[in-house]
Amino acid sequence: SGMAGGAARLLLAALLGALPAAAERELRFRPPAEAPVRLFTEPELARYDGQQEGQPIYLAVKGVVFDVTSGKEFYGKGAPYNALVGKDSTRGVAKMSLDPADLTHDITGLTEEELKSLDDIFNNVYKAKYPIVGYTSRRILNEDGSPNLDFKPEDQPHFNIKDEF
């Protein structure tokens, strides 16, 4: 490989917009306070429901809003999981259900197994595959609308956008 291999790798890195490792580390370890956290109200989230060609498609699980646009064939208009998008569908994801009654953030009464399944899918599918673009207001705010001081942004250490290509 030698020179040519290195040049090819550099070109690939440039094409993928990759950063030098040090710069990437700096970005990753910046304290969360500086990272802008976007808050989505229900009506805002509802705008990203995959019905608009060329608009991003967002789906919230456990109050975390993911950009699932790269999975258009699953989440876009007329696609099998389109019912999940534009809202927090935590319960539906846990139960693997597209029943409108399950397309809610509410996890009351879910079984141990459903909760475990929810965490698996949250970590191994959504967090691993799709970028986090924000959080639902329910996740960031208390009932009375004051900021939830225990809120911590999710980290995405295993996220790798390259998997989509």
Leu103 vs Arg91, side chain to side chain contact (heavy atoms under 4.5 Å, CB included): CA-CA, chis, key distance, verdict: CA-CA 6 Å; Leu103 302 183; Arg91 190 183 191 85; over 6 Å; no

CA sep, side-chain torsions, deciding dist, call: Leu59, Val61, side chain to side chain contact (heavy atoms under 4.5 Å, CB included): CA-CA 7 Å; Leu59 158 66; Val61 183; 4.3 Å; yes

Thr69/Asp67 under side-chain hydrogen bond (donor to acceptor under 3.5 Å, both in side chains): CA gap, chis, key distance, verdict: CA-CA 6 Å; Thr69 313; Asp67 181 339; 2.4 Å; yes

Working for side chain to side chain contact (heavy atoms under 4.5 Å, CB included), residues Glu42 and Arg138: CA-CA 9 Å; Glu42 284 183 22; Arg138 191 173 270 106; 3.2 Å; yes

Side chain to side chain contact (heavy atoms under 4.5 Å, CB included) between Arg139 and Leu39, intermediate numbers included: CA-CA 9 Å; Arg139 175 83 187 248; Leu39 182 153; over 6 Å; no

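When side chains are defined from C-beta on, Arg38 does not count as touching Val133, because their heavy atoms never get closer than 4.5 Å. You'll find the side chain of Leu118 reaches within 4.5 Å of the side chain of Lys62, heavy atoms only. Using a 4.5 Å heavy-atom threshold, the side chains of Ile140 and Asn148 count as separate.
A distance-only check finds a donor-acceptor pair linking the side chain of Gln156 to the backbone of Tyr130 [under 3.5 Å]. A donor-acceptor contact shorter than 3.5 Å is absent between the side chain of Lys129 and the backbone of Val68. Between the Asp102 side chain and the Leu98 main chain, no donor and acceptor come within less than 3.5 Å of each other. In terms of modelled atom types and a separation under 3.5 Å, the side chain of Gln55 and the main chain of Gln52 share no donor-acceptor contact.
In the hydrophobic clustering of this structure, Phe74 groups with Ile132; members are Ile, Leu, Val, Met, Phe, Trp, Tyr whose side-chain heavy atoms approach within less than 4.5 Å, directly or through other members. In this structure, Ile121 is a member of the same hydrophobic cluster as Leu115, with clusters built from ILVMFWY side-chain heavy atoms closer than 4.5 Å. If you chain together hydrophobic residues whose side chains sit under 4.5 Å apart, Met96 and Leu110 fall into the same group. In the hydrophobic clustering of this structure, Phe40 does not group with Val64; members are Ile, Leu, Val, Met, Phe, Trp, Tyr whose side-chain heavy atoms approach within less than 4.5 Å, directly or through other members.
Smallest separation of non-hydrogen atoms from Thr104 and Ala101: CG2-O, 3.7 Å. Shortest non-hydrogen contact noted between Asn142 and Pro147 is ND2-O, 3.2 Å.
Applying the 6.0 Å contact sphere to CD of Glu53 captures no more than 12 heavy atoms from other residues, nucleotides or ligands.
For Tyr58 and Tyr48, the gap between ring centers is short of 6.0 Å.
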Check residues 80-89 and write down every donor-acceptor pair under 3.5 Å in which the side-chain atom is one partner and the other belongs to a residue at least two apart or another chain.
residue: Asn82; atom: OD1; partner: Gln51; partner atom: NE2; Å: 3.1
residue: Asn82; atom: ND2; partner: Asp49; partner atom: O; Å: 3.1
residue: Asn82; atom: ND2; partner: Tyr75; partner atom: O; Å: 2.9
residue: Asn82; atom: ND2; partner: Gly76; partner atom: O; Å: 3.2
residue: Lys87; atom: NZ; partner: Ala83; partner atom: O; Å: 2.7
residue: Lys87; atom: NZ; partner: Val85; partner atom: O; Å: 3.4
residue: Asp88; atom: OD1; partner: Thr90; partner atom: N; Å: 3.0
residue: Asp88; atom: OD1; partner: Thr90; partner atom: OG1; Å: 2.4
residue: Asp88; atom: OD2; partner: Gly63; partner atom: N; Å: 3.0
residue: Ser89; atom: OG; partner: Leu84; partner atom: O; Å: 2.6

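A salt bridge is absent between Lys95 and Glu113: the closest approach of a Lys/Arg side-chain nitrogen to an acidic carboxylate oxygen does not fall below 4.0 angstrom.
Residues Thr108 and Asp106 have side chains that bring a donor and an acceptor to within less than 3.5 angstrom of each other.
Partners of Phe151 by ring-ring contact (aromatic ring centres under 6.0 Å, His included), not counting sequence neighbours, listed by chain and number: Tyr135.
Ring geometry for Phe66 versus Tyr126: interplanar angle of 30 to 60°, hence tilted.
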